[in-house]
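Just below is one structure, and these are the notes that go with it.
Order of the sequence lines sets the chain letters (A, B, ...), proteins ahead of strands, with each chain counted from 1.
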Amino acid sequence: MSMVSAAPSRRRRVKIDPWRWVGRFFLLFLLTFTVLPMLWMVLTSIKSQFAAMQYPPQWWPAEPTLQNYAKLLDPNGSTGQEFLRYFWNSFYVSMVTTILGVIVAVPAAYAFSRFTFPGRTFLFFSVLLRNMFPSVVFLMPLFLLMRWMGLVNTHGSLILTYLTFGLPLSIWLLKGFFDNIPIQLEQAARIDGATRFQAFFFIVMPLSTPGIIATSIFSFIGAWNEYVYAYTFLSKQDSMTLPVGIQRFFTEFATDWPGLMAATFLMSVPVVVLFLVLQKYFVRALTEGAVKH
Amino acid sequence: MAQVVLKDIVKTYGSLYAVNNVSLTVEDGEFVALVGPSGCGKTTTLNLVAGLLPMTDGDVMIGDRNVTDLDPKDRDIAMVFQNYALYPNKTVYKNLAFPLQMRKLSKAEIDVKVMDAAKVLDIVHLLQRKPRELSGGQQQRVALGRALVRDPQVFLMDEPLSNLDAKLRVQMRTEPKTLPSGSQGDGDLRHP
Ligand SMILES: Nc1ncnc2c1ncn2[C@@H]1O[C@H](COP(=O)(O)OP(=O)(O)OP(=O)(O)O)[C@@H](O)[C@H]1O
Ligand SMILES: [Mg+2]
(Lines give C-alpha, C1' and ligand atoms only; values in the text may rest on other atoms or scores of the structure.)
(Ligands and ions follow the chains in the order given, each with its own letter.)
Protein backbone atom coordinates (compact mmCIF):
# COMPACT_ATOMS: atom_id res chain seq x y z
CA MET A 1 0.00 0.00 0.00
CA SER A 2 2.64 2.47 1.02
CA MET A 3 4.65 1.58 -2.07
CA VAL A 4 1.82 2.67 -4.30
CA SER A 5 1.41 6.04 -2.69
CA ALA A 6 5.16 6.60 -2.53
CA ALA A 7 5.77 5.96 -6.22
CA PRO A 8 4.59 9.25 -7.77
CA SER A 9 6.57 11.49 -5.44
CA ARG A 10 9.63 9.38 -6.01
CA ARG A 11 9.32 9.72 -9.78
CA ARG A 12 9.23 13.47 -9.48
CA ARG A 13 12.40 13.59 -7.47
CA VAL A 14 14.52 11.02 -9.31
CA LYS A 15 14.85 12.14 -12.93
CA ILE A 16 15.72 9.07 -14.93
CA ASP A 17 16.27 5.75 -13.33
CA PRO A 18 17.80 3.54 -16.04
CA TRP A 19 16.94 0.34 -14.20
CA ARG A 20 13.33 1.34 -14.08
CA TRP A 21 13.34 1.61 -17.86
CA VAL A 22 15.16 -1.68 -18.28
CA GLY A 23 12.47 -3.19 -16.09
CA ARG A 24 9.73 -1.66 -18.18
CA PHE A 25 11.18 -2.96 -21.44
CA PHE A 26 11.51 -6.38 -19.94
CA LEU A 27 7.89 -6.33 -18.85
CA LEU A 28 6.85 -5.13 -22.29
CA PHE A 29 8.81 -7.97 -23.85
CA LEU A 30 7.17 -10.52 -21.55
CA LEU A 31 3.77 -9.05 -22.24
CA THR A 32 4.28 -9.29 -26.01
CA PHE A 33 5.51 -12.79 -25.59
CA THR A 34 2.36 -13.87 -23.78
CA VAL A 35 -0.22 -11.71 -25.50
CA LEU A 36 0.73 -12.24 -29.15
CA PRO A 37 -0.19 -15.92 -29.28
CA MET A 38 -3.50 -15.16 -27.62
CA LEU A 39 -4.15 -12.36 -30.05
CA TRP A 40 -3.39 -14.68 -32.92
CA MET A 41 -5.75 -17.23 -31.40
CA VAL A 42 -8.59 -14.73 -31.29
CA LEU A 43 -7.89 -13.46 -34.80
CA THR A 44 -7.79 -16.96 -36.22
CA SER A 45 -11.01 -17.86 -34.48
CA ILE A 46 -12.93 -15.24 -36.43
CA LYS A 47 -11.60 -16.34 -39.82
CA SER A 48 -13.09 -18.82 -42.19
CA GLN A 49 -11.33 -22.15 -42.63
CA PHE A 50 -10.06 -20.98 -46.01
CA ALA A 51 -8.75 -17.63 -44.79
CA ALA A 52 -6.95 -19.29 -41.90
CA MET A 53 -4.87 -21.42 -44.27
CA GLN A 54 -3.84 -18.59 -46.62
CA TYR A 55 -0.20 -17.80 -47.17
CA PRO A 56 1.03 -15.12 -46.65
CA PRO A 57 -1.33 -14.96 -43.67
CA GLN A 58 -4.06 -12.35 -43.39
CA TRP A 59 -3.09 -10.38 -40.30
CA TRP A 60 -6.52 -8.96 -40.02
CA PRO A 61 -9.28 -11.23 -41.34
CA ALA A 62 -10.77 -9.79 -44.55
CA GLU A 63 -14.22 -11.12 -43.69
CA PRO A 64 -14.43 -11.57 -39.92
CA THR A 65 -17.10 -14.06 -38.89
CA LEU A 66 -18.55 -15.33 -35.66
CA GLN A 67 -19.61 -18.50 -37.43
CA ASN A 68 -17.20 -20.65 -35.44
CA TYR A 69 -18.52 -19.46 -32.11
CA ALA A 70 -22.11 -19.85 -33.21
CA LYS A 71 -21.41 -23.42 -34.20
CA LEU A 72 -19.75 -24.25 -30.86
CA LEU A 73 -22.44 -22.70 -28.73
CA ASP A 74 -25.41 -24.04 -30.69
CA PRO A 75 -26.99 -26.68 -28.45
CA ASN A 76 -28.85 -28.19 -31.40
CA GLY A 77 -25.93 -28.79 -33.72
CA SER A 78 -23.71 -31.85 -33.25
CA THR A 79 -20.57 -29.75 -32.79
CA GLY A 80 -22.26 -27.58 -30.22
CA GLN A 81 -23.63 -30.54 -28.32
CA GLU A 82 -20.25 -32.13 -28.09
CA PHE A 83 -18.41 -28.95 -27.14
CA LEU A 84 -20.93 -28.02 -24.48
CA ARG A 85 -20.74 -31.50 -23.01
CA TYR A 86 -16.92 -31.25 -22.69
CA PHE A 87 -17.35 -27.81 -21.22
CA TRP A 88 -19.82 -29.09 -18.65
CA ASN A 89 -17.57 -32.07 -17.82
CA SER A 90 -14.60 -29.78 -17.25
CA PHE A 91 -16.67 -27.43 -15.18
CA TYR A 92 -18.06 -30.25 -13.08
CA VAL A 93 -14.65 -31.82 -12.43
CA SER A 94 -13.00 -28.48 -11.63
CA MET A 95 -15.81 -27.31 -9.41
CA VAL A 96 -15.98 -30.49 -7.36
CA THR A 97 -12.18 -30.52 -7.07
CA THR A 98 -12.23 -26.94 -5.84
CA ILE A 99 -15.00 -27.42 -3.30
CA LEU A 100 -13.60 -30.65 -1.90
CA GLY A 101 -10.17 -29.05 -1.86
CA VAL A 102 -11.37 -26.18 0.30
CA ILE A 103 -13.28 -28.52 2.58
CA VAL A 104 -10.14 -30.54 3.21
CA ALA A 105 -7.48 -27.83 3.07
CA VAL A 106 -9.09 -25.33 5.46
CA PRO A 107 -9.29 -27.62 8.51
CA ALA A 108 -5.96 -29.23 7.68
CA ALA A 109 -4.17 -25.89 7.41
CA TYR A 110 -5.90 -24.66 10.56
CA ALA A 111 -4.76 -27.72 12.49
CA PHE A 112 -1.20 -27.30 11.26
CA SER A 113 -1.28 -23.66 12.22
CA ARG A 114 -2.87 -23.86 15.65
CA PHE A 115 -2.27 -27.23 17.21
CA THR A 116 0.86 -29.06 18.20
CA PHE A 117 0.49 -32.80 17.91
CA PRO A 118 2.94 -35.66 17.53
CA GLY A 119 4.31 -35.91 14.00
CA ARG A 120 3.13 -32.43 13.06
CA THR A 121 6.33 -31.31 11.34
CA PHE A 122 6.77 -34.64 9.65
CA LEU A 123 3.22 -34.63 8.34
CA PHE A 124 3.47 -31.04 7.22
CA PHE A 125 6.50 -31.72 5.09
CA SER A 126 5.30 -35.06 3.81
CA VAL A 127 2.35 -33.16 2.36
CA LEU A 128 4.90 -31.70 -0.02
CA LEU A 129 6.32 -35.05 -1.04
CA ARG A 130 4.02 -35.27 -4.04
CA ASN A 131 5.25 -31.93 -5.33
CA MET A 132 8.89 -33.00 -5.38
CA PHE A 133 8.30 -35.09 -8.48
CA PRO A 134 6.96 -34.18 -11.91
CA SER A 135 3.34 -35.21 -12.08
CA VAL A 136 3.80 -37.69 -14.96
CA VAL A 137 5.85 -39.86 -12.63
CA PHE A 138 2.60 -40.77 -10.91
CA LEU A 139 0.69 -41.43 -14.10
CA MET A 140 1.10 -45.20 -14.25
CA PRO A 141 0.86 -45.88 -10.51
CA LEU A 142 -2.25 -43.78 -10.25
CA PHE A 143 -3.75 -45.39 -13.33
CA LEU A 144 -3.23 -48.84 -11.83
CA LEU A 145 -4.67 -47.65 -8.55
CA MET A 146 -7.72 -46.18 -10.26
CA ARG A 147 -8.26 -49.36 -12.25
CA TRP A 148 -8.04 -51.37 -9.05
CA MET A 149 -10.64 -49.13 -7.48
CA GLY A 150 -12.78 -49.34 -10.61
CA LEU A 151 -12.62 -45.60 -11.17
CA VAL A 152 -11.14 -45.55 -14.67
CA ASN A 153 -13.43 -43.65 -17.01
CA THR A 154 -15.14 -41.83 -14.19
CA HIS A 155 -14.78 -38.19 -13.25
CA GLY A 156 -14.02 -39.35 -9.73
CA SER A 157 -10.60 -40.56 -10.83
CA LEU A 158 -9.72 -37.09 -12.08
CA ILE A 159 -11.13 -35.33 -9.04
CA LEU A 160 -9.10 -37.54 -6.69
CA THR A 161 -5.95 -37.01 -8.71
CA TYR A 162 -6.36 -33.25 -8.95
CA LEU A 163 -7.00 -33.09 -5.24
CA THR A 164 -3.72 -34.77 -4.45
CA PHE A 165 -1.98 -32.29 -6.72
CA GLY A 166 -3.72 -29.17 -5.47
CA LEU A 167 -3.98 -29.83 -1.75
CA PRO A 168 -0.33 -29.38 -0.76
CA LEU A 169 -0.20 -25.88 -2.18
CA SER A 170 -3.59 -25.01 -0.70
CA ILE A 171 -2.62 -26.26 2.74
CA TRP A 172 0.67 -24.40 2.76
CA LEU A 173 -0.85 -21.18 1.52
CA LEU A 174 -3.72 -21.30 4.00
CA LYS A 175 -1.45 -22.18 6.89
CA GLY A 176 0.51 -19.02 6.18
CA PHE A 177 -2.77 -17.17 6.39
CA PHE A 178 -3.91 -18.66 9.65
CA ASP A 179 -0.46 -18.10 11.14
CA ASN A 180 -0.90 -14.40 10.52
CA ILE A 181 -4.19 -14.19 12.38
CA PRO A 182 -3.39 -13.45 16.02
CA ILE A 183 -4.45 -16.27 18.28
CA GLN A 184 -5.82 -13.71 20.74
CA LEU A 185 -8.72 -13.07 18.38
CA GLU A 186 -9.90 -16.64 18.81
CA GLN A 187 -9.23 -16.51 22.51
CA ALA A 188 -11.26 -13.34 22.80
CA ALA A 189 -14.08 -15.00 20.88
CA ARG A 190 -14.01 -18.02 23.16
CA ILE A 191 -14.18 -15.84 26.22
CA ASP A 192 -17.01 -13.94 24.57
CA GLY A 193 -18.93 -17.18 24.55
CA ALA A 194 -17.99 -18.89 21.31
CA THR A 195 -17.05 -22.54 21.04
CA ARG A 196 -13.79 -23.39 19.33
CA PHE A 197 -15.66 -24.03 16.13
CA GLN A 198 -17.68 -20.83 16.36
CA ALA A 199 -14.51 -18.85 16.99
CA PHE A 200 -13.07 -20.37 13.86
CA PHE A 201 -16.21 -19.90 11.82
CA PHE A 202 -17.14 -16.35 12.88
CA ILE A 203 -13.72 -14.82 13.40
CA VAL A 204 -10.96 -16.72 11.60
CA MET A 205 -12.80 -17.72 8.43
CA PRO A 206 -13.90 -14.20 7.44
CA LEU A 207 -10.36 -12.96 7.98
CA SER A 208 -8.93 -15.63 5.73
CA THR A 209 -11.34 -15.35 2.80
CA PRO A 210 -8.63 -13.92 0.53
CA GLY A 211 -6.56 -17.02 1.17
CA ILE A 212 -9.48 -19.35 0.68
CA ILE A 213 -10.40 -17.62 -2.57
CA ALA A 214 -6.82 -17.73 -3.83
CA THR A 215 -6.49 -21.43 -3.13
CA SER A 216 -9.84 -22.01 -4.80
CA ILE A 217 -8.65 -20.25 -7.94
CA PHE A 218 -5.45 -22.24 -7.92
CA SER A 219 -7.17 -25.58 -7.72
CA PHE A 220 -9.85 -24.58 -10.21
CA ILE A 221 -7.33 -23.53 -12.83
CA GLY A 222 -5.17 -26.55 -12.18
CA ALA A 223 -8.08 -28.89 -12.73
CA TRP A 224 -9.48 -26.92 -15.65
CA ASN A 225 -6.27 -27.02 -17.68
CA GLU A 226 -5.01 -30.49 -16.88
CA TYR A 227 -4.42 -32.67 -19.92
CA VAL A 228 -2.25 -35.74 -19.38
CA TYR A 229 -4.31 -37.40 -16.67
CA ALA A 230 -7.58 -36.56 -18.33
CA TYR A 231 -6.22 -38.08 -21.52
CA THR A 232 -5.12 -41.27 -19.75
CA PHE A 233 -8.00 -41.89 -17.38
CA LEU A 234 -10.93 -41.11 -19.66
CA SER A 235 -11.46 -42.85 -22.94
CA LYS A 236 -15.21 -42.47 -23.42
CA GLN A 237 -16.17 -39.58 -25.65
CA ASP A 238 -19.00 -38.32 -23.49
CA SER A 239 -17.03 -38.10 -20.26
CA MET A 240 -14.04 -36.21 -21.67
CA THR A 241 -12.96 -32.83 -20.36
CA LEU A 242 -12.27 -29.83 -22.53
CA PRO A 243 -8.50 -30.03 -23.13
CA VAL A 244 -8.72 -33.61 -24.35
CA GLY A 245 -12.09 -33.26 -25.97
CA ILE A 246 -11.13 -30.25 -28.03
CA GLN A 247 -7.96 -31.84 -29.24
CA ARG A 248 -9.68 -35.09 -30.28
CA PHE A 249 -12.61 -33.35 -31.75
CA PHE A 250 -10.94 -30.88 -34.05
CA THR A 251 -8.10 -32.97 -35.30
CA GLU A 252 -10.05 -36.09 -36.04
CA PHE A 253 -9.97 -35.78 -39.84
CA ALA A 254 -8.27 -32.54 -40.75
CA THR A 255 -7.44 -29.77 -38.33
CA ASP A 256 -10.16 -27.13 -38.31
CA TRP A 257 -7.96 -24.29 -37.08
CA PRO A 258 -10.56 -21.56 -36.71
CA GLY A 259 -12.89 -23.96 -34.89
CA LEU A 260 -10.07 -25.12 -32.65
CA MET A 261 -9.07 -21.55 -31.84
CA ALA A 262 -12.63 -20.53 -31.08
CA ALA A 263 -13.01 -23.51 -28.75
CA THR A 264 -9.72 -22.68 -27.04
CA PHE A 265 -10.77 -19.11 -26.59
CA LEU A 266 -14.05 -20.17 -25.04
CA MET A 267 -12.14 -22.50 -22.78
CA SER A 268 -10.07 -19.64 -21.42
CA VAL A 269 -13.12 -17.51 -20.66
CA PRO A 270 -14.04 -18.97 -17.24
CA VAL A 271 -10.49 -18.67 -15.99
CA VAL A 272 -10.16 -15.08 -17.15
CA VAL A 273 -13.53 -14.13 -15.68
CA LEU A 274 -12.68 -15.83 -12.40
CA PHE A 275 -9.43 -13.96 -12.26
CA LEU A 276 -10.87 -10.57 -13.07
CA VAL A 277 -13.66 -10.89 -10.54
CA LEU A 278 -11.50 -12.19 -7.71
CA GLN A 279 -8.25 -10.49 -8.62
CA LYS A 280 -8.12 -8.15 -5.66
CA TYR A 281 -8.43 -11.02 -3.20
CA PHE A 282 -5.85 -12.95 -5.09
CA VAL A 283 -3.21 -10.24 -4.94
CA ARG A 284 -3.94 -9.65 -1.28
CA ALA A 285 -3.58 -13.35 -0.60
CA LEU A 286 -0.19 -13.60 -2.21
CA THR A 287 1.21 -10.60 -0.39
CA GLU A 288 -0.53 -11.02 2.96
CA GLY A 289 0.20 -14.69 3.29
CA ALA A 290 3.86 -14.07 2.65
CA VAL A 291 4.59 -11.25 5.06
CA LYS A 292 4.85 -11.81 8.78
CA HIS A 293 3.55 -8.99 10.87
CA MET B 1 -19.87 -11.24 41.44
CA ALA B 2 -17.85 -14.00 42.88
CA GLN B 3 -14.82 -15.02 44.78
CA VAL B 4 -11.85 -16.26 42.73
CA VAL B 5 -9.46 -18.80 44.17
CA LEU B 6 -6.25 -19.99 42.54
CA LYS B 7 -4.86 -23.09 44.19
CA ASP B 8 -1.21 -23.97 43.52
CA ILE B 9 -1.43 -23.24 39.82
CA VAL B 10 1.56 -24.23 37.73
CA LYS B 11 2.29 -23.72 34.06
CA THR B 12 5.44 -25.04 32.46
CA TYR B 13 6.80 -24.70 28.95
CA GLY B 14 9.28 -27.57 28.74
CA SER B 15 11.60 -26.94 31.64
CA LEU B 16 10.58 -23.30 32.02
CA TYR B 17 8.19 -22.46 34.82
CA ALA B 18 6.08 -19.60 33.45
CA VAL B 19 3.86 -19.74 36.53
CA ASN B 20 5.16 -21.57 39.56
CA ASN B 21 2.80 -22.53 42.35
CA VAL B 22 0.66 -19.45 42.59
CA SER B 23 -2.10 -19.41 45.18
CA LEU B 24 -4.35 -16.42 45.52
CA THR B 25 -7.79 -15.62 46.82
CA VAL B 26 -9.66 -12.63 45.43
CA GLU B 27 -12.72 -11.80 47.49
CA ASP B 28 -16.08 -10.92 46.04
CA GLY B 29 -15.95 -7.31 44.92
CA GLU B 30 -12.23 -7.06 45.46
CA PHE B 31 -9.95 -5.42 43.00
CA VAL B 32 -6.51 -6.97 42.67
CA ALA B 33 -3.57 -5.95 40.53
CA LEU B 34 -0.72 -8.26 39.69
CA VAL B 35 2.46 -6.31 39.28
CA GLY B 36 5.80 -7.59 38.17
CA PRO B 37 8.60 -7.26 35.63
CA SER B 38 8.06 -8.17 32.00
CA GLY B 39 8.02 -11.91 31.45
CA CYS B 40 7.22 -12.84 35.04
CA GLY B 41 4.01 -14.62 34.10
CA LYS B 42 1.19 -12.11 34.51
CA THR B 43 -0.40 -12.79 31.12
CA THR B 44 0.07 -16.51 31.59
CA THR B 45 -1.69 -16.40 34.96
CA LEU B 46 -4.64 -14.53 33.51
CA ASN B 47 -4.82 -17.00 30.61
CA LEU B 48 -4.92 -19.87 33.07
CA VAL B 49 -7.77 -18.28 34.99
CA ALA B 50 -9.57 -17.71 31.69
CA GLY B 51 -8.98 -21.30 30.60
CA LEU B 52 -7.15 -20.33 27.43
CA LEU B 53 -4.11 -22.43 28.27
CA PRO B 54 -4.04 -25.99 29.54
CA MET B 55 -2.86 -25.85 33.14
CA THR B 56 0.04 -28.05 34.20
CA ASP B 57 -1.18 -28.35 37.77
CA GLY B 58 -3.53 -26.72 40.23
CA ASP B 59 -7.15 -25.64 40.48
CA VAL B 60 -9.15 -22.54 39.71
CA MET B 61 -12.41 -21.84 41.51
CA ILE B 62 -14.88 -19.12 40.61
CA GLY B 63 -17.58 -18.69 43.20
CA ASP B 64 -18.36 -22.18 44.36
CA ARG B 65 -17.59 -23.78 41.02
CA ASN B 66 -14.35 -25.58 40.21
CA VAL B 67 -13.77 -24.33 36.67
CA THR B 68 -10.42 -26.03 36.10
CA ASP B 69 -11.77 -28.22 33.33
CA LEU B 70 -14.33 -25.82 31.89
CA ASP B 71 -14.15 -24.13 28.50
CA PRO B 72 -13.47 -20.38 28.54
CA LYS B 73 -17.01 -19.74 27.34
CA ASP B 74 -18.48 -21.56 30.33
CA ARG B 75 -16.41 -19.78 32.99
CA ASP B 76 -18.43 -16.59 32.90
CA ILE B 77 -15.51 -14.22 32.70
CA ALA B 78 -14.62 -11.24 30.57
CA MET B 79 -11.11 -10.38 29.52
CA VAL B 80 -9.29 -7.47 27.99
CA PHE B 81 -6.20 -8.55 26.12
CA GLN B 82 -2.83 -6.91 26.19
CA ASN B 83 -3.02 -6.30 22.42
CA TYR B 84 -6.79 -5.63 22.61
CA ALA B 85 -7.67 -8.42 20.16
CA LEU B 86 -10.47 -6.45 18.53
CA TYR B 87 -12.11 -8.27 15.63
CA PRO B 88 -10.58 -6.38 12.71
CA ASN B 89 -13.32 -7.09 10.20
CA LYS B 90 -16.16 -5.98 12.47
CA THR B 91 -17.22 -2.44 13.28
CA VAL B 92 -16.91 -1.20 16.84
CA TYR B 93 -20.63 -1.79 17.30
CA LYS B 94 -20.35 -5.38 16.12
CA ASN B 95 -17.29 -5.90 18.31
CA LEU B 96 -19.30 -4.89 21.35
CA ALA B 97 -22.33 -6.86 20.23
CA PHE B 98 -20.47 -10.12 19.59
CA PRO B 99 -20.37 -11.42 23.19
CA LEU B 100 -24.09 -10.67 23.50
CA GLN B 101 -24.91 -12.37 20.22
CA MET B 102 -23.02 -15.44 21.35
CA ARG B 103 -25.24 -15.46 24.43
CA LYS B 104 -28.30 -15.24 22.23
CA LEU B 105 -29.69 -11.94 23.44
CA SER B 106 -32.35 -10.26 21.36
CA LYS B 107 -31.44 -7.45 18.97
CA ALA B 108 -33.14 -4.86 21.16
CA GLU B 109 -31.37 -5.97 24.33
CA ILE B 110 -28.05 -5.97 22.51
CA ASP B 111 -28.64 -2.46 21.26
CA VAL B 112 -29.41 -1.13 24.73
CA LYS B 113 -26.37 -2.73 26.33
CA VAL B 114 -23.99 -1.69 23.57
CA MET B 115 -25.18 1.91 23.71
CA ASP B 116 -24.84 1.97 27.49
CA ALA B 117 -21.28 0.71 27.40
CA ALA B 118 -20.41 3.04 24.52
CA LYS B 119 -21.70 6.04 26.50
CA VAL B 120 -19.64 5.20 29.59
CA LEU B 121 -16.50 4.82 27.51
CA ASP B 122 -17.24 7.81 25.31
CA ILE B 123 -17.05 5.89 22.04
CA VAL B 124 -20.59 6.45 20.75
CA HIS B 125 -19.27 8.48 17.81
CA LEU B 126 -16.93 5.62 16.84
CA LEU B 127 -19.48 2.82 16.70
CA GLN B 128 -19.52 2.52 12.92
CA ARG B 129 -15.74 2.52 12.48
CA LYS B 130 -13.44 -0.44 12.04
CA PRO B 131 -10.75 -1.02 14.70
CA ARG B 132 -7.93 -0.03 12.34
CA GLU B 133 -9.48 3.43 12.03
CA LEU B 134 -9.07 4.08 15.74
CA SER B 135 -6.23 5.43 17.85
CA GLY B 136 -4.55 3.21 20.40
CA GLY B 137 -6.51 4.65 23.29
CA GLN B 138 -9.78 4.38 21.41
CA GLN B 139 -9.04 0.76 20.59
CA GLN B 140 -8.40 0.11 24.23
CA ARG B 141 -11.70 1.63 25.21
CA VAL B 142 -13.46 -0.61 22.72
CA ALA B 143 -11.66 -3.60 24.21
CA LEU B 144 -12.83 -2.53 27.65
CA GLY B 145 -16.31 -2.04 26.28
CA ARG B 146 -16.41 -5.55 24.93
CA ALA B 147 -15.72 -6.83 28.43
CA LEU B 148 -18.20 -4.47 30.08
CA VAL B 149 -21.28 -5.16 27.96
CA ARG B 150 -21.71 -8.47 29.64
CA ASP B 151 -22.43 -9.26 33.27
CA PRO B 152 -19.55 -11.58 34.00
CA GLN B 153 -18.52 -12.86 37.40
CA VAL B 154 -14.90 -11.90 36.90
CA PHE B 155 -13.11 -9.24 34.90
CA LEU B 156 -9.62 -10.07 33.75
CA MET B 157 -7.68 -7.21 32.31
CA ASP B 158 -4.20 -7.37 30.90
CA GLU B 159 -2.58 -3.93 31.06
CA PRO B 160 -5.97 -2.38 30.54
CA LEU B 161 -5.35 1.23 31.36
CA SER B 162 -1.95 2.04 29.89
CA ASN B 163 -3.40 3.88 26.91
CA LEU B 164 -6.29 5.69 28.53
CA ASP B 165 -6.12 9.36 29.26
CA ALA B 166 -5.71 10.38 32.87
CA LYS B 167 -9.35 11.23 33.52
CA LEU B 168 -10.77 7.97 32.25
CA ARG B 169 -7.99 6.02 33.90
CA VAL B 170 -8.86 7.33 37.33
CA GLN B 171 -12.53 6.72 36.67
CA MET B 172 -11.92 3.14 35.57
CA ARG B 173 -9.56 2.34 38.37
CA THR B 174 -11.64 3.68 41.19
CA GLU B 175 -15.10 2.70 40.19
CA PRO B 176 -15.67 -0.18 37.85
CA LYS B 177 -18.96 -0.36 39.77
CA THR B 178 -20.43 2.63 38.01
CA LEU B 179 -20.43 0.59 34.85
CA PRO B 180 -23.57 0.38 32.79
CA SER B 181 -25.27 -2.76 33.94
CA GLY B 182 -24.20 -2.07 37.47
CA SER B 183 -21.94 -5.08 37.30
CA GLN B 184 -19.43 -5.43 40.05
CA GLY B 185 -16.08 -6.35 38.70
CA ASP B 186 -14.24 -8.71 40.91
CA GLY B 187 -11.11 -9.60 39.32
CA ASP B 188 -7.56 -9.49 38.53
CA LEU B 189 -6.81 -6.14 37.21
CA ARG B 190 -3.29 -5.13 36.63
CA HIS B 191 -1.36 -2.36 35.09
CA PRO B 192 2.35 -1.65 34.90
N1 LIG C 1 4.14 -20.28 24.25
C2 LIG C 1 5.22 -20.14 25.06
N3 LIG C 1 6.25 -21.00 24.97
C4 LIG C 1 7.32 -20.88 25.79
N5 LIG C 1 7.46 -19.93 26.72
C6 LIG C 1 6.46 -19.03 26.86
C7 LIG C 1 5.30 -19.10 26.05
N8 LIG C 1 4.48 -18.07 26.41
C9 LIG C 1 5.11 -17.42 27.40
N10 LIG C 1 6.30 -17.98 27.67
C11 LIG C 1 7.24 -17.55 28.72
O12 LIG C 1 6.55 -17.52 29.95
C13 LIG C 1 6.97 -16.43 30.73
C14 LIG C 1 5.77 -15.60 31.19
O15 LIG C 1 5.19 -14.93 30.07
P16 LIG C 1 4.01 -13.88 30.22
O17 LIG C 1 3.51 -13.57 28.86
O18 LIG C 1 3.02 -14.41 31.19
O19 LIG C 1 4.76 -12.62 30.82
P20 LIG C 1 4.14 -11.23 31.33
O21 LIG C 1 4.33 -11.22 32.81
O22 LIG C 1 2.75 -11.09 30.82
O23 LIG C 1 5.09 -10.16 30.66
P24 LIG C 1 4.73 -8.72 29.99
O25 LIG C 1 4.58 -7.75 31.12
O26 LIG C 1 5.93 -8.42 29.17
O27 LIG C 1 3.49 -8.88 29.20
C28 LIG C 1 7.93 -15.64 29.89
O29 LIG C 1 9.25 -15.91 30.33
C30 LIG C 1 7.74 -16.15 28.50
O31 LIG C 1 8.96 -16.15 27.79
MG1 LIG D 1 1.86 -9.82 29.37
Side-chain angles (χ1 to χ4, degrees), chain A residues 1-5 106 110-111 113-121 174 176-214 278 280-285 287-289 291-293, chain B residues 13-14 43-44 46-54 67 70-90 94-105 110 130-132 139 142-158 187:
Chain A
M1 288 303 247
S2 57
M3 286 293 282
V4 177
S5 55
V106 167
Y110 184 76
S113 166
R114 288 294 192 256
F115 300 111
T116 45
F117 46 89
R120 175 173 174 269
T121 318
L174 281 174
F177 248 84
F178 293 142
D179 283 347
N180 273 347
I181 297 175
I183 191 149
Q184 280 86 3
L185 291 183
E186 280 155 76
Q187 297 183 329
R190 291 177 63 198
I191 287 183
D192 284 348
T195 60
R196 239 178 206 286
F197 180 77
Q198 283 173 324
F200 171 74
F201 194 77
F202 290 126
I203 304 300
V204 178
M205 278 271 276
L207 287 174
S208 49
T209 23
I212 294 173
I213 287 176
L278 302 174
K280 71 170 189 226
Y281 293 104
F282 196 68
V283 173
R284 239 169 79 194
T287 50
E288 262 177 33
V291 182
K292 276 255 181 228
H293 300 288
Chain B
Y13 290 108
T43 299
T44 309
L46 291 190
N47 282 346
L48 291 175
V49 175
L52 295 170
L53 289 173
V67 298
L70 285 187
D71 250 14
K73 75 178 171 63
D74 300 322
R75 294 192 179 197
D76 203 7
I77 47 179
M79 182 160 171
V80 179
F81 286 80
Q82 194 162 2
N83 61 358
Y84 314 146
L86 301 178
Y87 309 126
N89 53 335
K90 296 185 189 293
K94 293 231 171 87
N95 263 279
L96 298 186
F98 186 75
L100 304 173
Q101 280 170 345
M102 285 291 112
R103 290 186 163 70
K104 307 223 158 44
L105 268 67
I110 291 177
K130 293 277 177 70
R132 65 165 176 280
Q139 289 179 0
V142 176
L144 277 171
R146 201 173 55 187
L148 298 180
V149 284
R150 289 202 280 123
D151 237 337
Q153 296 203 308
V154 183
F155 281 113
L156 304 172
M157 308 194 187
D158 203 353

**Atom group of Leu86(B) that falls short of 4.5 Å from chain A, counting heavy atoms** =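 Backbone of Leu86(B) only, per the 4.5 Å heavy-atom cut-off to chain A.
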**Contact origin within Asn83(B) toward chain A - heavy atom pairs under 4.5 Å** =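 For Asn83(B), the side chain is the part near chain A, not the backbone.
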**Prompt:** Which of parallel (below 30°), tilted (30 to 60°) and perpendicular (above 60°) describes Phe197(A) and Phe201(A)?
**Reply:**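 Phe197(A) vs Phe201(A) ring planes: parallel.
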**Request:** Please flag which part of Ala199(A) lies under 4.5 Å from any non-hydrogen atom of chain B: side chain, backbone, both or neither.
**Result:**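 Neither part.
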**Asked** Which bit of Gln198(A) is near chain B, if near means a heavy-atom gap under 4.5 Å: side chain, backbone, both or neither?
**Response**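 For Gln198(A), the contact with chain B is made by the side chain alone.
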**Prompt:** Distance from Glu186(A) atom CD to Ile203(A) atom CD1, nearest 0.5 Å?
**Reply:**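 So the gap between those two atoms works out to 9.0 Å.
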**Polar side chain donor-acceptor pair, Asn95(B) to Tyr84(B), under 3.5 angstrom** =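 Looking only at side-chain atoms, Tyr84(B) and Asn95(B) do not form any donor-acceptor pair under 3.5 Å.
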**Asked** With a cut-off of 6.0 Å (strictly less than), are more than 12 heavy atoms of other residues, nucleotides or ligands near NZ of Lys94(B)?
**Response**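 Not buried by this count: 12 neighbours or fewer within 6.0 Å.
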**Request:** Check side chain to side chain donor-acceptor pair (under 3.5 Å) between Thr44(B) and all other residues, then give those that pass, not counting sequence neighbours.
**Result:**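 Thr44(B) satisfies side chain to side chain donor-acceptor pair (under 3.5 Å) with no other residue.
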**Item:** Pick from Ala50(B), Ala143(B), Pro88(B) with the largest number of heavy-atom pairs that fall under 4.5 Å of chain A
**Value:**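 Most heavy-atom pairs under 4.5 Å with chain A: Pro88(B).
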**Asked** Among Ile77(B), Leu52(B), Asp71(B), which residue forms the greatest number of heavy-atom pairs with chain A at distances under 4.5 Å?
**Response**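 Of the candidates given, the most pairs with chain A belong to Leu52(B).
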